[in-house]
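Structure first, then comments.
What you see is a predicted model, and the numbers here were worked out from it, not measured in a lab.
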Amino acid sequence: MNTLIIALQFLTRLPLPQAQYNPAAAKTSIYWYGAVGLIIGAVLLLTNGLLQWLAPAMDTSIHSALILCLWVLITGALHLDGLADSADAWLGGQTPERTLEIMKDPRSGPAGVTSIVLLLLLKFACLQALIEHSALLLLLAPALSRSLMPVLFLHTPYVRENGLATAFASGLSAKLSYGVMAGVGALWCVLLGFSALFALLVIGIVFIGLRAMMLDRIGGTTGDTAGAAVEILEAVSLLAITVALG
């Protein structure tokens with residue numbers, strides 16, 4: 001369980017026992033990212049049920065806002081930071097070198113702030129539409145986006161030296177990477193039925209498009225662009241199911 005704890009400590013702010021960190025365990029921890037997403041989703045799902053029990057008459061918009069705030073707090077806004085850095089870099093950088101340089105700047109520019117606002121707005125709107133009718137998305141959306149990260153690092157060069165995701169730069173198992181993704185995708189189909197097929201297709205297309213953008217601009221991926229992909233894929237998950245359910 002040490003590798004699961006490492007993954008949880010990296011991706012969440014949940015209180016946990018101290019993990020025994022080493023390079024091999026850090027590399028293996030990426031295969032637990034889908035499970036970490038399910039844990040995040042389980043916390044959201046349980047909180048949703050608790051809110052419905054304690055305050056059944058609460059306005060849906062307030063309910064959705066509370067769930068979204070908890071979602072951000074659990075992750076420590078880790079991936080939102082990557083989204084903001086990537087948005088600033090894509091707008092301000094015309095070359096791979098300049099793009100990577102901007103991503104290292106801890107300050108957020110207009111593109112970064114705007115990207116966070118728009119993405120959270122989209123998530124909030126989808127949560128309002130889904131929270132009473134398909135609360136299982138609270139369990140599934142965080143899991144699928146994170147389960148795609150091993151596949152991203154498996155097939156995409158890592159272009160940072162000594163970055164946060166350096167451990168995943170090489171040597172990942174194709175069998176485990178695709179197994180994690182397939183397992184979470186199968187769970188989607190079991191819990192959501194036919195609607196899941198449309199959503200998975202949309203998510204797959206967006207994932208391929210995001211990877212192509214990374215390769216075209218910087219020749220690979222970084223921790224920031226991977227984090228941005230997680231946030232975008234979460235939002236796309238919610239939106240695709242909203243559309244599928246009509």
Side-chain angles (χ1 to χ4, degrees), residues 1-19 28-56 58 60 62-80 119-120 122-124 126-151 176-177 179-193 195-196 199-200 203 226-227 229-242 244-245:
M1 298 302 289
N2 185 59
T3 51
L4 174 58
I5 295 174
I6 290 173
L8 281 164
Q9 287 181 334
F10 181 63
L11 296 178
T12 76
R13 295 298 178 267
L14 297 173
L16 295 161
Q18 185 62 41
T28 307
S29 70
I30 196 171
Y31 305 122
W32 287 100
Y33 279 20
V36 172
L38 286 174
I39 292 170
I40 294 170
V43 173
L44 298 177
L45 189 63
L46 289 172
T47 302
N48 176 68
L50 184 62
L51 287 173
Q52 290 179 334
W53 178 62
L54 291 175
M58 180 184 292
T60 305
I62 299 175
H63 188 126
S64 301
L66 290 173
I67 294 294
L68 185 56
C69 288
L70 178 61
W71 199 336
V72 173
L73 289 173
I74 289 174
T75 61
L78 173 67
H79 304 309
L80 287 173
L119 182 128
L120 291 178
L122 177 58
K123 281 187 175 181
F124 172 72
C126 291
L127 285 173
Q128 280 194 286
L130 292 170
I131 211 160
E132 294 182 350
H133 307 293
S134 186
L136 282 174
L137 257 293
L138 295 174
L139 175 67
L140 298 176
L144 185 60
S145 59
R146 286 162 180 80
S147 73
L148 288 167
M149 291 304 100
V151 177
L176 288 174
S177 298
V180 169
M181 180 187 71
V184 176
L187 184 60
W188 269 64
C189 293
V190 169
L191 295 179
L192 296 176
S195 299
L200 292 173
I203 293 163
V230 167
E231 285 292 343
I232 293 169
L233 291 169
E234 278 185 344
V236 169
S237 299
L238 295 172
L239 179 60
I241 288 295
T242 302
L245 294 179

Q. Is Ile5 close to Pro17 at the side-chain level, that is, under 4.5 Å between some pair of heavy atoms?
A. yes
Q: Apply side-chain contact (heavy atoms from CB on, under 4.5 Å) to the pair Arg146 and Val180, showing each step before the final yes or no.
A: CA-CA 10 Å; Arg146 286 162 180 80; Val180 169; over 6 Å; no
(Q) How close do Leu127 and Leu138 get, counting heavy atoms only, and between which atoms? (A) CD2-CD2, 3.5 Å
(Q) Using the side-chain contact (heavy atoms from CB on, under 4.5 Å) criterion, which residues pair with Leu119? Sequence neighbours excluded. (A) Leu80, Leu83, Lys123, Glu231, Ile232, Ala235
Q. Heavy atoms, side chains only, cut-off 4.5 Å: are Leu66 and Cys69 in contact?
A. no
Q: Might you point out which heavy atoms bring Phe124 and Ala65 nearest each other, and give the distance in Å?
A: CE1-N, 3.7 Å
Q: Write down the atom of Ala141, the atom of Ser237, and the distance for their closest heavy-atom approach.
A: CB-CB, 4.1 Å
(Q) Are the side chains of Ile30 and Leu176 in contact, using a 4.5 Å heavy-atom criterion? (A) no
Q) If you take all heavy atoms of Leu238 and Leu130, which pair is closest and at what distance? A) O-CD1, 3.5 Å
Mind listing the side-chain donor-acceptor pairs of residues 37-48 below 3.5 Å, one per line with the distance, residues two or more places apart or on another chain?
from, atom 1, to, atom 2, distance (Å)
Thr47, OG1, Val43, O, 2.7
Asn48, OD1, His63, NE2, 2.6

Q) Heavy-atom distance under 4.5 Å between the side chains of Ile241 and Leu140, does that happen here? A) no
Q: Locate the shortest heavy-atom distance separating Gly227 from His79; write the atom from each residue and the value.
A: O-CB, 3.3 Å
(Q) Does any part of the side chain of Trp188, heavy atoms only, come nearer than 4.5 Å to the side chain of Leu137, both counted from C-beta? (A) yes
**Q.** Non-neighbouring partners of Ala7 that pass side-chain contact (heavy atoms from CB on, under 4.5 Å), sequence neighbours left out
**A.** Ser29, Trp32, Tyr33, Val36
**Q.** Point-to-point distance, once rounded to the nearest 0.5 Å, from CE of Met1 to CG of Leu8
**A.** 8.0 Å
Q: For the residue pair Thr75 and Val230, establish whether any side-chain heavy-atom pair is separated by less than 4.5 Å.
A: no
Q.
Quick check: closest heavy atoms across Ala196 and Leu192, and the distance to 0.1 Å?
A. CB-CB, 4.0 Å
Q. At what distance, to the nearest 0.5 angstrom, does CD1 of Ile62 lie from CD of Gln128?
A. 10.0 Å
(Q) Has Gln52 got a side-chain atom pairing as donor or acceptor with Met58's backbone, closer than 3.5 angstrom? (A) no
